[in-house]
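A quick write-up on the structure given underneath.
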Amino acid sequence: MAFLLRKLAHGLLLILGVTLVSFLLMVYFGPDQTYNLLGKNATAAQIQEIHQQLGYDRAFTSRYIDYLHDLFTLQLGASNSNGEKVIDLLWRSLPITLALMLPGFIIGNLLGAGLGMLAAWHRNRRLDRLISGVSATGMSISFLIIVIVLQVLLCTPQGLNLFPARGWQVTDLPSYLYYVTVPTLSLVFITLGYNTRFFRAVFVEELGREHIRTVRAFGASPAQIMGRHVLKNSLPAVLTRVLFSIPLVIVTGSLVLETFFGIPGIGKVSFDATTNGDQPVLQAVVALTAVLFVVMQTLADLAYRLADPRVA
Amino acid sequence: MPGFEPTHRVWQKLRANRAGLAGFALVSLYGLIALSVALGWAGQEWSLVSGERWESASSEHWFGTNQLGQDIFQRAIYSVRIAFEIGLLVALTSTLLGSVCGAISGWCADTWADDGVVFITGVLDSIPFYLFAAAVAFAFQASAWAMQIAMVATFWTTTSRLVRAEVMRLKNRDFVQSALAIGLPPHLVLLRHVLPNTGHILLAQAAMVFVAAIKTEVILSFLGLGVQDGVSWGLMLAESTQEVLVSQFNNHLAAAIPLLLLLLGFNLMIDALQDALDPRQGSA
Amino acid sequence: MSPTAEDPVLAVQDLRVTLPSRQGRLAVVDGVSLELRAGEILGLVGESGCGKSMTGAALLGIAPGPSGQVSSTAMRLGDLDLAQLDERGWRRIRGSRISMVFQEPQTALDPVFSVGNQLQEVIRRHRQFNRRQARTAAADMLASVGFADCARVMRCYPHELSGGIRQRILIAMAMVCHPQVLVADEPTTALDVTTQAQILHLLRDLARRSGTAVLLITHDLAIVEAICDRAMVMYCGRISEEGPTRALMQYPRHPYTAGLLAAMPRLSPGQVEPVKGIPGSVPAPGQRPPGCSFSKRCERADDLCRSQVPVLHGADPAMPAAVHRHACHHPLVHPIGSVTA
Ligand SMILES: Nc1ncnc2c1ncn2[C@@H]1O[C@H](COP(=O)(O)OP(=O)(O)O)[C@@H](O)[C@H]1O
Ligand code: SF4
Ligand SMILES: [Mg+2]
């Protein structure tokens, strides 16, 4: 219980920190929005009014507190470019991003775990060298290149031309598969090297522990050792990484993939907001993902406690 | 030096690692290219329109020309310099920042200074990087340094955390405790006895930041948040996304392949470095 | 019927464990032959680094690391030819017909499974038991290693138990399928003296009761003296002397055995003798001298020792089947008539 409270307090503190950073960058020191909103030929009275509205004339702390209040009551304002309420915009694009990223995220982790397992079991032998070499190469390929190559190979007349190069007109399962396949493949390729390397390192560490020698001496097969003892022991590390990487993959991955494939998810929304200087949208995305990240981190800590009988 | 593997053992291990040596050679080659561009010996005509649009490779334009008729080879070569500039700047700055903060934090563990550093690293690590970069780009609108600032601001935290852990470990070692016991001032002990022993961490970590910076530049430039005017592999790749759709692959390959080789070289080198410096190995 | 009269349950000839190195493959275990009879406790003793653990693991077909190799000219467990086994075959007998207990009870159990879970895992791997039967067998086994409240112990996780209790549980896991051979690798080294004695008595009890042959690996001659029927002294991967415990300890023939004995702290009333260690230390596998590998540390070493490897033989070459054998060119000689064992 004390642990839970400590974790929650820690999480709250971090949330204050990340919102402060986003407030500083996007609002306090951010560019003056006056002329964005009013156009070039504003009157002095209009300027005064909008300054009051935006709070430019008030003290730092009161503006930050207002900012927090708006953020947690989800009063995120409206987009500067098309006037749509930010909350609606996010609500509309989040499911698309999830649908887009989830398959690749899951497959990438499962494949990485499988390859990491093989490499760890055959540590320092030929199969391990092969897998490790390929993942090092994979990590060396910029993901922009992976995306471009896959797109040329699968989505253009120069290649197989099986899938669409851009867009997201998903209505049913076949159309979902039609649009999600190439982004999923891209995500799997982008993350596979990192995943494999991570899982290999974790499994090598676990395989080197003494209780593995014991179960081997009692006749356990490689599958039993890996599937039962290694997997359960590495659960905390794996859970932590998976939970941690969810916000990163959703945001970073979708930023590139959605921009590239023209898919209207969170990533595309943030990209457009950046290029258009659409402050309300951008600051909402930054603050909310940071908060999400802190929540995930706290969850990971809790999961750690649950998975390990020693600290329960 | 106490706590540090004898240097010759590290060298022996490094020399025995063929992949690592190949990586090192590759990186050195790129370093030479970057240097000669910086000295004005090569790649100077990267912005000159010297031919027609999309000329194919010839003795005049080794990799052909791009959409605007600029020489792709010159651009690819010049981009090596840009990559090294960004990589070096970001690696050095974030290593410096990370080692100073990490050292203070580890040396003064469980004081307000330590709590402060830990809190700041925690906060910075909680903001997804590309969004952070977008926010910085937004805040420092049109500044040529927005990208570098964003990278340093996020990359130093890992270095800081590693240095902190190592300093905390070293602080309890005999040679540090005895230096303190004979009355050497703490800041001297930290500077002379503790920090030099974190050298291996800093070296490997700086190399990793270098790689991360180069990869990040590509993405940020593609997203329009990176190199503003000029040329870089990221900008070349961004250009090429349109060109590949009409079967013009020169620009893409001229950026993709050098980028791949440089990153591969770095990754091989880093792996070898970490293997050689890992104190847990080699004592068996 | 004395157990020593029976056929051995485990007979191994010329066991070799090799590891690759820059100088080619090095033999960490170099031609060890041994026989174990039902209910017997055989001590394998020597300084650390001389290859005892490797020998023990090799008896379960476990090679050190992916590039280590185990070979032998003959290896039988009862009527089973171990030399013919593939990895699958080995897995079937590990934990069921031949078992092992390790030095560090702290780390030898999987921390994330309860004791009962781990015990039943072993049972259900080797026996066609359902959950209930496995539970009963596990509880029975725990009772026979001395636990009163078996149900409670089974629910515990390893970190909740002390070192001595964990070692008991490991012994229970090793014995639960009633193996013919138990290899115990320094089972008491990590324990305090009182617990040490309890564990040793438990091992002896189990050996006598169930007829399991025990190979007890230790660096401590006092343990050999306390519970072993016979002992083998190992040095640099080879057996330097073997024989019945009494004979070996009272009348050591190999200078290494004598050195180990002299290094043994003894509490003899009235007389306080300083403990003499053997000078030097065990050379690493790549740095063993030619001839007798003990020659660098031996007072009796001469040119013969430095050039020719001494082979294991009885005191009287005319008696090839001698039970007390040594591998030394210049063994210690004891007064005639004193050797009665
Ligand atoms: N994984 C390994 N690789 C190379 N050599 C090893 C390895 N493990 C142990 N050795 C060497 O093998 C020898 C025998 O080790 P071991 O059987 O553990 O000795 P003991 O149990 O008698 O202390 C030692 O000299 C040790 O240095
Ligand atoms: S053979 Fe020689 S060196 Fe070896 S133990 Fe006997 S006397 Fe000593
Ligand atoms: Mg041992």
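Order of the sequence lines sets the chain letters (A, B, ...), proteins ahead of strands, with each chain counted from 1. The shown structure was predicted, so the numbers you read here are calculated from the model rather than taken from an experiment.
- For a residue to count as touching a neighbouring chain, one of its non-hydrogen atoms must lie under 4.5 Å from one of that chain's; by this rule A/R213 touches chain C with backbone and side chain alike.
- In C/R152, the CZ atom is not crowded: 12 or fewer heavy atoms of neighbouring residues, nucleotides or ligands sit closer than 6.0 Å.
- Contact annotation for C/A57: neither backbone nor side-chain heavy atoms come within less than 4.5 Å of a heavy atom of chain A.
- In this structure, chain A has heavy atoms under 4.5 Å from both the backbone and the side chain of C/N117.
- When the shell of 6.0 Å around CZ of C/R97 is examined, it contains more than 12 heavy atoms from other residues, nucleotides or ligands.
- Between chain A and the options C/G95, C/C177, C/A174, C/A108, the largest number of non-hydrogen pairs under 4.5 Å is found for C/A108.
- The only member of C/R94, C/M173, C/Q118, C/R91 that meets side chain to side chain contact (heavy atoms under 4.5 Å, CB included) when paired with A/F218 is C/M173.
- Interface check for chain A: of the options C/R92, C/M100, C/R125, the most heavy-atom pairs under 4.5 Å are formed by C/R125.
- Nearest heavy atom pair, residue C/P111 against residue A/R209, reads CG-NH2, 3.4 Å.
- Few gaps surround NE2 on A/H122; more than 12 heavy atoms of other groups in view lie less than 6.0 Å from it.
- Atom CZ of C/R135 has 12 or fewer heavy atoms from other residues, nucleotides or ligands within 6.0 Å.
- The greatest number of non-hydrogen atom pairs below 4.5 Å with chain A, out of C/D110, C/V122, C/I98, C/I62, is found for C/D110.
- Contact of C/L109 with chain A is made through the backbone alone, with heavy-atom distances under 4.5 Å.
- Proximity to chain A is absent for every atom of C/I93, based on heavy atoms less than 4.5 angstrom apart.
- Summarising the local packing, CZ of A/F189 is surrounded by 12 or fewer heavy atoms from other residues, nucleotides or ligands at distances under 6.0 Å.
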